[in-house]
Amino acid sequence: MSKAIINAKIYTITQGVIDGGTILIKDGKIDNVGSNLNVPEGYEIIDANNMIVTPGIIDAHAHVEIWEEGIGWEGMDVNETTNPVTAGINALDAINPEGLGMKDALTGGVTTIWNAPGSANVIGGYGITMKTYGKVIDDMVMLNPSGLKAAFGENPKGAYGQRQNKMPMTRMGVAAVMREYLIKGQEYLAEIEKANGDASKMPKRDLDLEAIGKVLKREIPLKAHCHRHDDIMTIIRIAKEFDIDISIEHASQAHLIVEELAKHKVPLIVGPTVSTRSKAEVSEKSFTTAGICAEAGIPVSIMTDHPIIPVHHLHLAAAMCVKHGMKEEQALEAITINPARTCGVADRVGSIEVGKDADLAIWTRHPFDVFTQVKYTIIDGEIVYTLPQERVNEVDLC
Amino acid sequence: MLVIKNGKIITMANQVIENGIILVEDGKIKEIGQDLAIPSNAEVIDATGKYVFPGLIDAHTNIGLKEGVLRWEGADHVEQTEAVVPQMRPIDGVNPFDPELGDALATGVTTSLIAPGDVNVIGGIGSVFKLTGKTADIMFRRDVCVKAALGEKPKNIFGRKKMPSTRMGTAYLLRKALSDAKEYQNKLELGKEDKDKMPKRDLKLESLVKVLNQELPLHIHAHRADDIMTAIRICKEYDVKMVLVHAYEAYKVVDRLAENNIPVIFGPIWSCRWQVETANLQLDTPKVLADHNVSLALTTAHPDKPIFMLPTCASLAVREGLNPYAALEAITIGAARILGIDDIVGSLEVGKDADIVIADGHPLQIMSNVEKTIIEGKVVYSR
């Protein structure tokens, strides 16, 4: 049904803030947005007086219901730690759309996530961009694949060198495995090219090299887990050698090499900063990282890495960055349009613009106010979450 | 003498003093109120436009025991070699240079119960520490509990090789330890009359005798309602005091908690649900507990969730219906009462430790910045 959200303070993200604005929704898309719009007859009216509307929040890096909640190993599908290169596996095959985490996402206004395998493997597999509402994962997919997960630093070293006495045991080993497989991927693509359509000359289909081939052809980025500055520089070095697109996931020490990163304009997905210093590579983590890097002109997203930070608290994770100096606008971009871009879906989501999917969050207060509540979450023009009446709470601190 | 003037003081003793003055001498609060005379030689902190409130208390953490940055090298919070280790003492494992402690001070958290073990059926003594000092001995204040744990963790860690591998096994081990302590207690009594009958010192049982004497309560880790009821059952059988810790399913048996006067240290409320026993986390549980007059503290369970999120945990409880004052109590005086340290901390009152936080906004607003944290009259953090 067509809907009109009226009297709202609208954070469009790309086209400023509209006070007392209206959003018209038709066929699941944003049909119009502005301050003096007539609501056509027959539209369902959502009066957002004293409320704030933002685009649906986007979590640029999470493991929602791949690492399932409320059950033990039975629902733990995040790391296929049987081989340091599992490029051919896909997060799609492990996501439980009925899980607790997916429902939580809606309560925090999160409508899109980049859902990916974990960081134990040097090349971990495909991540997908998906919406957070649906019964069947295939119907929730926006872009599959939308990136190939890779990992540098302690996690692959720990999972293989420390625990299984096999490569990689060192950072050099991680880089060597990465290069080895990128070269295998190049060879695989060359063989396919050489076959020139002749089926008899085609190489045997290799799912892992096929995935790496997509990165080499720059169809999808390599999304590389790196906390430490030296690990970040290693993937930038490799990306230049192989002419591939990358994003830096976590980037806990990015602020230490901000000038270098500004030269390369590599997207950073920062977080999960609401955590302890749980290992050496996050010893320098800081809520200032996101703001410092955004200020240097680097595209910054903020992640939950759910379940490390609960996905529905993404707005508060961003608020913590604002508290430590990030500009409010930049922090909003970091959970809307910037992740939309790094997840390959900026043509559909991430801002309130005519023609985009009607994915919206309607808040009782600014999303960076700790007492804000999501009143409605809307995906493709449908209300998929409504704040239960008994939970409505006007906090007065006095 | 240190003086903090012109702040909006939330005393947590049922008073908000506008333009208030606090006089601090020898680490204690000497006077608090309006229009107090300020001695000319005093060091004065002008808190005009600021909020002033007591140092926050996290009622259940492993901070310093499970250190930041390090892995096994700094993991001294669970002695996983035996299921029952009441002889463990946090003072022997707390590292005063744990980098996470800096986060606590920068957030205004000045005091914490530091307890070992969430996998041992009995993990050891839990002690209250101030979160600053060069040595654990300087930080240490007093022993306040013996830590126990029910549910998934003990049977998961120990069950593959030895007891407990079931909830029944866990309950049995807890009962057995208390029974052994009872016998030891009797022998100690006999030993008082007849020196020859004095039993050999037993560090394990010494800890538990304090529980039987009701000098120390058991702080029992339990999430599921059935584990909570097991805890209550066993504590009644042995006539010991208990405090329930974590307690995600407390809402299911809130009437039983109220009826038996069992305080709850709830949390972390900011959490996913990694284990089966945590699947039923409900964000309005603090409100439900308060509505039933259950004594409440909130915890981050650091490093489960970082200690700097303690005020935000209270804010989330407020968002979900808990009265703001009750939420502040749960991280100050309420926590102090449950830990039995309200004689020294938890509120700004004459004679108590001068553990004071000065912030540029209300403590429950996420954007408020702590500007100064003071422990016993010394500024230990400045923004």
Side-chain angles (χ1 to χ4, degrees), chain A residues 63-64 67-76 99-101 104 107 154 158 162 273-285 287 304 306-313 315-317 319-320 322-324 328 364-366 368-373 388 390-393 395-398, chain B residues 10 16 51 62-63 66-71 73-74 98-100 102-103 152 156 268-281 283-284 287 300 302-309 311-312 314-316 318-325 327-328 361-369:
Chain A
H63 312 289
V64 179
W67 186 333
E68 287 182 48
E69 289 189 61
I71 61 175
W73 70 267
E74 298 90 334
M76 174 55 103
L100 296 169
D104 280 349
T107 70
E154 290 171 23
Q162 290 294 315
T273 319
V274 184
S275 57
T276 56
R277 296 169 187 81
S278 55
K279 49 186 176 176
E281 64 185 10
V282 299
S283 62
E284 302 284 328
K285 79 175 178 67
F287 284 108
T304 65
H306 177 101
I308 307 301
I309 295 174
V311 61
H312 51 299
H313 294 326
H315 61 104
L316 296 179
M320 291 297 283
V322 173
K323 176 175 175 166
H324 289 85
E328 195 178 285
T364 57
R365 300 182 182 207
H366 191 284
F368 298 156
D369 183 328
V370 72
F371 301 117
T372 192
Q373 293 180 294
E390 69 274 12
R391 271 192 58 210
V392 173
N393 185 21
V395 175
D396 182 8
L397 292 178
C398 303
Chain B
I10 306 175
V16 175
Y51 281 77
N62 298 139
I63 197 163
K66 172 73 179 76
E67 295 172 44
V69 182
L70 305 177
R71 298 204 195 211
E73 301 90 334
D98 179 358
E100 304 284 312
D103 288 349
E152 289 167 19
N156 182 31
I269 189 172
W270 170 291
S271 188
C272 284
R273 294 156 287 196
W274 299 43
Q275 295 102 27
V276 173
E277 66 184 7
T278 60
N280 291 320
L281 167 63
L283 301 188
D284 65 351
K287 174 197 179 335
T300 61
H302 179 100
D304 182 351
K305 291 297 168 286
I307 198 162
F308 62 77
M309 292 303 280
T312 308
S315 307
L316 278 180
V318 169
R319 190 189 79 184
E320 302 300 326
L322 183 64
N323 171 287
Y325 192 78
L328 276 181
H362 192 283
L364 295 179
Q365 289 289 8
I366 199 169
M367 293 298 171
S368 298
N369 296 293

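Below, all heavy atoms of this structure are taken into account, side chains as well, without hydrogens, waters or symmetry copies. Residue numbers begin at 1 in each chain, while the letters A, B, ... track the order of the sequences.
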Bottom line for A:Val282: the part with an atom under 4.5 Å from chain B's heavy atoms is neither
Under 4.5 Å heavy-atom distance to chain B, tell me which part of A:Ser275 shows up: side chain, backbone, both or neither. backbone
CE of B:Met309 to CH2 of B:Trp270, rounded to nearest 0.5 Å, is 3.5 Å
Count the heavy-atom pairs under 4.5 Å between each of B:His302, B:Gln365, B:Lys66 and chain A, then report the option with the highest count. B:Gln365
Do the non-hydrogen side-chain atoms of A:Arg391 and B:Arg319 ever get within less than 4.5 Å of each other? yes
Chain B: which of A:Val274, A:Val395, A:Asp369, A:Val392 shares the most heavy-atom pairs with it under 4.5 Å? A:Val274
Shortest non-hydrogen contact between A:Ala317 and A:Ile309, atoms and distance: CB-CD1, 4.2 Å
Check whether B:Leu70 gets within reach of chain A through its side chain, its backbone, both or neither, counting any heavy atom under 4.5 Å. backbone
Among A:Ser283, A:Ser278, A:Ala280, which residue has the highest count of heavy-atom pairs closer than 4.5 Å to chain B? A:Ala280
Honestly, the part of B:Ser315 sitting under 4.5 Å from a heavy atom of chain A is both
Interface residue of largest heavy-atom contact number with chain B, from A:Gln373, A:Glu390, A:Arg277, A:His313, under 4.5 Å: A:Arg277
Quick one: does any side-chain atom of B:Ser368 pair with a main-chain N or O of B:His362 as donor and acceptor, under 3.5 Å? yes
Answer key: most heavy-atom pairs under 4.5 Å with chain B among A:Lys323, A:Lys285, A:His324, A:His312 is A:Lys323
Could you tell me which portion of B:Phe308 (side chain, backbone, both or neither) has an atom closer than 4.5 angstrom to a non-hydrogen atom of chain A? side chain
Heavy atoms only: give me the nearest A:Leu100-A:Glu69 pair and the separation to one decimal. CD1-O, 3.9 Å
Which answer fits B:Glu100, side chain, backbone, both or neither, if we ask what part of it has an atom under 4.5 Å from a heavy atom of chain A? both
Okay, A:Thr364 and chain B: the region with an atom under 4.5 Å from a heavy atom over there is neither
Hey, is the main chain of B:Val318 close enough, under 3.5 Å, to the side chain of A:Asn393 for a donor-acceptor pair? yes
Could you tell me whether the side chain of B:Asp284 and the main chain of B:Glu320 form a donor-acceptor pair under 3.5 Å? no
Select, from B:Pro306, B:Ala279, B:Gly68, the one with the greatest count of heavy-atom pairs under 4.5 Å involving chain A. B:Pro306
For the residue pair B:Trp274 and A:Trp67, does the interplanar ring angle fall in the parallel (under 30°), tilted (30 to 60°) or perpendicular (over 60°) class? perpendicular
Would you mind checking which part of A:His306 comes under 4.5 Å of any heavy atom in chain B, side chain (CB onward), backbone (N, CA, C, O), both or neither? side chain
For A:Ile308 against B:Lys305, the heavy-atom pair lying closest together: O-CE, 4.3 Å
Who wins among A:Lys279, A:Met320, A:Glu281, A:Glu68 for the most heavy-atom pairs under 4.5 Å with chain B? A:Lys279
Flag the pair A:Gln162 / A:Glu154 as yes when at least one side-chain heavy-atom distance between them is below 4.5 Å, and no otherwise. no
Please state whether the side chain, the backbone, both or neither of B:Asn156 comes within less than 4.5 Å of a heavy atom of chain A. neither
